[in-house]
2 protein chains.
Amino acid sequence: MAVKRPTMADIARRAGVSKVAVSYALNDQPGVSEATRASIKNIAEELGWRPNSAARALTGGRAQAVGLVVRRPARTLGVEPFFMEFISGVETVLAERSYALMLQMVADQAQEVEVCRRWWGERRVDGVFLMDLQTDDARVEALRDTGLPAVAIGPPEVAGGLPAIWSDDGESVHEIVRYLAALGHRRIARVAGPAAFAHTAVRDAALAEACREAGIPEATVVHTDYTGDAGARAARALLIAPARPTALVFDNDIMAVAALSVAQELGLSIPADVSVVAWDESPLTQVVRPMLSAVTRDIPGYGATAATALLALIGGEDVGDVREGYAHFVPRGSTAPPPPDPAPR
Amino acid sequence: MAVKRPTMADIARRAGVSKVAVSYALNDQPGVSEATRASIKNIAEELGWRPNSAARALTGGRAQAVGLVVRRPARTLGVEPFFMEFISGVETVLAERSYALMLQMVADQAQEVEVCRRWWGERRVDGVFLMDLQTDDARVEALRDTGLPAVAIGPPEVAGGLPAIWSDDGESVHEIVRYLAALGHRRIARVAGPAAFAHTAVRDAALAEACREAGIPEATVVHTDYTGDAGARAARALLIAPARPTALVFDNDIMAVAALSVAQELGLSIPADVSVVAWDESPLTQVVRPMLSAVTRDIPGYGATAATALLALIGGEDVGDVREGYAHFVPRGSTAPPPPDPAPR
DNA sequence: CTGAAAGCGCTTACAG
DNA sequence: CTGAAAGCGCTTACAG
């Protein structure tokens, strides 16, 4: 417990030089001969010296850490691979630059802002990721005058001038609808995430537009909280309605899986009676039968891009919006042409 | 960006007192009159002052942060709610004490040790959680002489003297086997996690013992990497074997879900032909049909206990092993009496 | 109860 | 190229 960790002073003593020389040597600054530098580095290595991050933060003014606050319930979060994959991508970039990641889960947006303010006030982080951007996101405004460097994970329209790291969900929606329409579907419904999320709104708008372009009736949209339960309820309601949809598009994986159960309950066969599409392919979408047709994207890559942008921003660079590659639709076993019209009841 | 954050010196100037008085006032130390204290606190509030964590860490010697290094692939991690739920429990405790959580994902155990060493050397953390304890865990030894406070998440036998925060998986295994035996099952197989994990070994041993006690043949155990794919392969192999088991017990949720698909593939009905049990009930186990009989435990509570223990350890208290409450077996629709013997092929 | 001083471990100017 | 000094923002003794 009481193991004393070595400091620059210890190295200086051992090397018979001043602390300053040690600092120069270890930071590859001019000011010491190469021989001294090498010997100092050797001693540092031997002693197992590491820079005290607190002291560095105090002088350099950098915490060498970035923060991520998450406001979804742990249960939802745990089931969707999105977050862990995103974080793993973030960390590949942070690790290279020896940046640390601070994580906190909170219950609401007020707390989210509060945690960011505290982190920044305490100089614990140099910047933050704003996840799950909302259509009218209070955080953007609340953090503006603090000077906290932040990147928004979401579409630029709602980022309020913050660099937006986003993937064009609209394009993916068009791809899905074109595919379903080509199969012959005319009645599509979507079981979406929370309406407040900006990317939900983007998908909503794109869906309406895509249906128009495809010349099919506008799709029904039901918003949920992303849980399997809510997804099941929504799917059930849609499938027992008079003119039931022949294709259901879900905003995450767990809701799509829940829909398989609902279809079974109702004696409907997938994909013969109803086609199902999930958003974000995951291990989950591939262990069920039929495997789910899904949108797939490089989520770790998304995280890496966001981290790169944030570090650049912290470094004082001008960072613009970055659009990630499109998510691609991958047809699996859960999509097929619709049953002959009118749909059998 | 360049918004200057207020320091104690700013407050002292405004209040017309010394920096020391400010420190005393803000930290509720004796040394200032109540009137002065109140006025200083007011000014601090007005200015939006927050203690600079780097300066505090430098003087106090405490980083006010703890670390968690995770060594599972992001994809697996994302699907199992365990981690996010565990972390959410950890954070409820940390938040109360204004401790932060540092998170890092790594590829192997060497890196895991290295990250801990670095964090500790840099004084970024005051302690760490050791997750996924192995039967012969190199980390315990590697970290011992560093003095890094750590709690082991796993059984005491392998914690090497570190405080072990554990839930008695053995007891849950007994409960499952007693239940299955009572239903009439005699051929049980278990699709387990990696053999190297200590909690896997505990379950392995308990399973053998429980079968003996129940007077049924020893259960077959197949070790996997926790992925749905591996689970499906293992389940398939077991179910096409000559004397196939009538009950399958899985070490996580995703593998159990995969087994439903495999059964369907093979034309076997669950639970009529085969019973299925999952470990750790999750949203996932409840959205599939039949719902999976599963072991359920308070995972956030587990995380909270671990965090409490770690903070106590950091505080210099004597911390012993803490056993969490048992996980309980909850029968749902995936378990039933076995089909008449001999099993139909 | 109040003030001036020293120090945590490092970095950044500034003289020799 | 090398040394002594000052300072980051705070806390902890130590005198008045």
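Hydrogens, waters and symmetry mates play no part in the numbers below; they use all other heavy atoms, side chains included. Letters go in sequence order (proteins before strands), and every chain restarts at 1.
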A.B. asks: Rounding to a whole Å, what distance do you find between B:Leu58:CG and D:dC8:C1'?
C.D. replies: 9 Å
A.B. asks: Give me the ring orientation class for B:Phe86 and B:Phe82: parallel if the planes are under 30° apart, tilted from 30 to 60°, perpendicular past 60°.
C.D. replies: parallel
A.B. asks: When all nucleic acid strands are considered with a 4.0 Å heavy-atom cut-off, which category describes B:Arg50: base, sugar-phosphate, or nothing?
C.D. replies: sugar-phosphate
A.B. asks: Assign each of B:Thr59 and B:Thr36 to its nearest nucleotide of DNA chain C by heavy atoms, then name whichever residue's nucleotide is nearer the 5' end.
C.D. replies: B:Thr36
A.B. asks: Among D:dC14, C:dG9, C:dC10, which nucleotide has an atom closest to any side-chain atom of B:Tyr24?
C.D. replies: D:dC14
A.B. asks: To the nearest angstrom, how far is B:Met8 atom CE from C:dC8 atom P?
C.D. replies: 19 Å
A.B. asks: Would you say B:Met84 and A:Met105 make side-chain contact, with heavy atoms under 4.5 Å?
C.D. replies: yes
A.B. asks: Nearest whole angstrom, please: distance from the C1' of D:dC8 to the NZ of A:Lys19.
C.D. replies: 13 Å
A.B. asks: Looking at every strand, decide which applies to A:Val20 at a 4.0 Å heavy-atom threshold: base, sugar-phosphate, or nothing.
C.D. replies: base
A.B. asks: What's the CG-C1' distance between B:Asp28 and D:dC10, to the nearest Å?
C.D. replies: 16 Å
A.B. asks: Within this structure, what is the CZ-to-C1' distance between B:Arg124 and C:dC10, rounded to whole angstrom?
C.D. replies: 14 Å
A.B. asks: Roughly how many Å is it from CG in B:Asn27 to P in D:dA13, rounded to a whole number?
C.D. replies: 13 Å
A.B. asks: Is any side-chain nitrogen or oxygen of A:Arg123 closer than 4.0 Å to OP1 or OP2 of D:dG9?
C.D. replies: no
A.B. asks: List the residues meeting side chain to side chain donor-acceptor pair (under 3.5 Å) with B:Tyr99, not counting sequence neighbours, and say none if there are none.
C.D. replies: B:Asp126
A.B. asks: B:Ser18 has a side chain; which of C:dG3, C:dT12, D:dT12 sits nearest to it?
C.D. replies: C:dG3
A.B. asks: Could you tell me whether A:Ser33 contacts a base, only the sugar-phosphate backbone, or nothing, with contacts defined as non-hydrogen atoms closer than 4.0 Å?
C.D. replies: sugar-phosphate
A.B. asks: Counting only side-chain nitrogens and oxygens, does B:Arg56 get under 4.0 Å of the OP1 or OP2 atom of D:dT11?
C.D. replies: yes
A.B. asks: If you measure from the Lys or Arg side-chain nitrogens to the Asp or Glu carboxylate oxygens, is any gap between B:Glu45 and B:Arg14 under 4.0 Å?
C.D. replies: no
A.B. asks: The side chain of B:Gln29 is closest to which nucleotide in this list: D:dC10, D:dT12, C:dG9?
C.D. replies: D:dT12
A.B. asks: Atom CD of A:Glu122 and atom P of D:dC10: how far apart are they, to the nearest Å?
C.D. replies: 11 Å
A.B. asks: Return the nucleotide paired to C:dG3: Watson-Crick means purine N1 to pyrimidine N3 with N6-O4 or O6-N4, wobble means G-U with N1-O2 and O6-N3, both under 3.5 Å.
C.D. replies: D:dC14
A.B. asks: Measuring to OP1 and OP2 of D:dC10, would you say a side-chain N or O of B:Ser23 lies under 4.0 angstrom away?
C.D. replies: no
A.B. asks: Got a salt bridge between B:Arg139 and B:Glu112, using NZ or NE/NH1/NH2 to carboxylate O under 4.0 Å?
C.D. replies: yes
A.B. asks: Round to the nearest Å and state the distance from A:Asn52 atom CG to C:dG7 atom C1'.
C.D. replies: 13 Å
A.B. asks: Where the side chain of B:Trp49 is defined as all heavy atoms beyond and including C-beta, which of C:dC10, D:dC10, C:dA4 is the nearest nucleotide?
C.D. replies: D:dC10
